[in-house]
Amino acid sequence: MTITDEDCLAETLAFNEQFEAAAANRPARGPAPSAATLALLRRNRLGGDTPPVRLPHAQDRVVEDGVKLRTFVPDRVDGVYLHIHGGGWAFGSSDGQDERLWRLAVQARLAVVSVEYRLAPEHPFPAGPDDCEAAARWLVEHAATEFGTERLLIGGESAGAHLSVMTLLRLRDRHGITGAFRAAHLLFGLYDLSMTPSQRSFGPRQLLINTDSLRGIYELFTPGMDLEQRRDPELSPLFANLAGLPPARIVVGTEDPLLDDSLFLAGRWQAAGAPVQLGVVAGAMHGFTLFPLTVTEREQRRERDFLATA
């Protein structure tokens, strides 16, 4: 494991300390967030306390199976990036990161397509994965006519990284589709819903997520399931056969309870035969790219470069 950005460690750790100190003023996320808390988290941008900025550059549309997409199409398009947002399968939205996605679209010359998948607890598993699968199949069939390219990429953050891997596996196992997506970009994802050691040992630290809040979102997404049921490869891609998946870039911070998820997935992905770039960011907490940090600027540049050249 190679750790990056150690020259920024002081700044990154200082931000973590400030974030944790302000935890008392933020809505508690777990283990069982109230309806009011969920409503507040859904109204505000991920990791913040203000509503997200909606840009006029984006277009909302509905495709087959009633799936809603938000598209960002720059003047030059060399590929299509299917983006799946994070938020513990229970909050977040396709219009929650307009500024970042539009910047990525322009700089990497990509049409960015973000999925508005159904959220738990109103729509628990498998509703969200079903929507992401439908969006991916639509792109496989229509990207050339809609965007002028068949070069497809996929990725997301946190729960969106989980859904990205599940989507690739569903395409392969349910539809015999491999190779359509050229690469996957996976930021601090959850890949074992029965909980990796780092998830279990993280404890109560208020760094966006912790052990209790993870247990809470798993119950929202997969209500009533026990640990053995959540270990099913249909839910936890860490236990799936990963053969036939595309090259990946997998990123996580050292202060993230999901550290093991990314380390273990990277090892299994590479063992299955696909190239992997593993980025482990010194001192970074879960969701660090949501905040104005030096490591965020660097990570967004690395993401852009990976997606532009994959």
Side-chain angles (χ1 to χ4, degrees), residues 63-65 67 69 71 77-85 104 108-115 117 125-187 189-193 231-251 261-279 303 305-310:
V63 296
E64 282 94 335
D65 300 319
V67 176
L69 305 176
T71 59
V77 173
D78 294 337
V80 182
Y81 176 49
L82 179 60
H83 171 258
I84 306 178
H85 70 77
L104 176 63
R109 303 182 301 278
L110 298 171
V112 177
V113 177
S114 194
V115 189
Y117 58 88
F125 177 84
D130 287 349
D131 291 345
C132 296
E133 176 189 350
R137 289 189 66 200
W138 180 81
L139 276 181
V140 170
E141 295 171 4
H142 298 285
T145 55
E146 293 281 341
F147 304 107
T149 178
E150 294 182 338
R151 178 174 170 264
L152 302 180
L153 313 160
I154 190 171
E157 316 85 37
S158 194
H162 166 270
L163 290 168
S164 297
V165 181
M166 296 309 301
T167 298
L168 291 171
L169 292 171
R170 282 172 168 230
L171 290 177
R172 182 195 68 188
D173 296 342
R174 299 183 178 195
H175 310 289
I177 298 173
T178 58
F181 284 84
R182 311 286 182 88
H185 193 271
L186 308 172
L187 282 172
L190 317 90
Y191 309 119
D192 178 3
L193 277 65
R231 202 171 281 122
D232 189 309
E234 287 283 322
L235 278 168
S236 293
L238 193 56
F239 299 98
N241 173 6
L242 303 180
L245 298 190
R249 182 166 186 270
I250 298 173
V251 180
D261 293 60
S262 285
L263 298 184
F264 297 167
L265 185 74
R268 293 214 57 237
W269 202 289
Q270 191 166 30
V276 175
Q277 295 180 25
L278 175 64
E303 176 187 33
D305 293 345
F306 175 79
L307 293 173
T309 59

Counting only N and O atoms by type, is there a donor-acceptor contact under 3.5 Å from the side chain of [X] to the main-chain atoms of [Y]?
X	Y	answer
Tyr117	His85	yes
Arg268	Ala240	yes
Asp65	Val67	no
Arg172	Ala243	yes
Arg231	Phe239	no

Practice prompt. Sequence neighbours left out, what passes side chain to side chain donor-acceptor pair (under 3.5 Å) with Arg182? Give chain and number order.
Written response: none
Item to complete: Can you sort out the partners of Asp261 under side chain to side chain donor-acceptor pair (under 3.5 Å), two or more places apart, ordered by chain and number?
Response: Thr196, Gln199
Heavy-atom side-chain proximity of [X] to [Y] below 4.5 angstrom:
X	Y	value
Thr167	Pro129	no
Leu235	Phe125	yes
Leu265	Leu242	yes
Leu245	Phe181	no
Leu193	His162	yes
Trp269	Pro247	no
Pro246	Leu168	yes

Worksheet item: Could you walk me through whether Asp192 and Phe264 pass the side chain to side chain contact (heavy atoms under 4.5 Å, CB included) check?
Response: CA-CA 10 Å; Asp192 178 3; Phe264 297 167; over 6 Å; no
Can you tell me how far apart [atom1] ([X]) and [atom2] ([Y]) are? Round to the nearest 0.5 Å.
X	Y	atom1	atom2	value
Ile250	Ser262	CD1	OG	6.5 Å
Leu169	Thr178	CG	OG1	12.0 Å
Ile154	Leu171	CD1	CG	7.0 Å

Worksheet item: When you look at CD of Glu141, are more than 12 heavy atoms from neighbouring residues, nucleotides or ligands closer to it than 6.0 Å?
Response: yes
Fill in: Check against side chain to side chain contact (heavy atoms under 4.5 Å, CB included), Arg170 and Asp130
CA-CA 9 Å; Arg170 282 172 168 230; Asp130 287 349; 2.7 Å; yes
Item to complete: Using the side-chain contact (heavy atoms from CB on, under 4.5 Å) rule, pick out the option among Thr149, Leu307, Val80 that qualifies with Leu110.
Response: Leu307
Item to complete: Check the angle between the aromatic planes of His185 and Phe306 and answer parallel, tilted or perpendicular using the 30° and 60° thresholds.
Response: tilted
Worksheet entry | Test side-chain hydrogen bond (donor to acceptor under 3.5 Å, both in side chains) applied to Trp138 and Glu133, Glu64, Glu146, the passing residue | Glu64
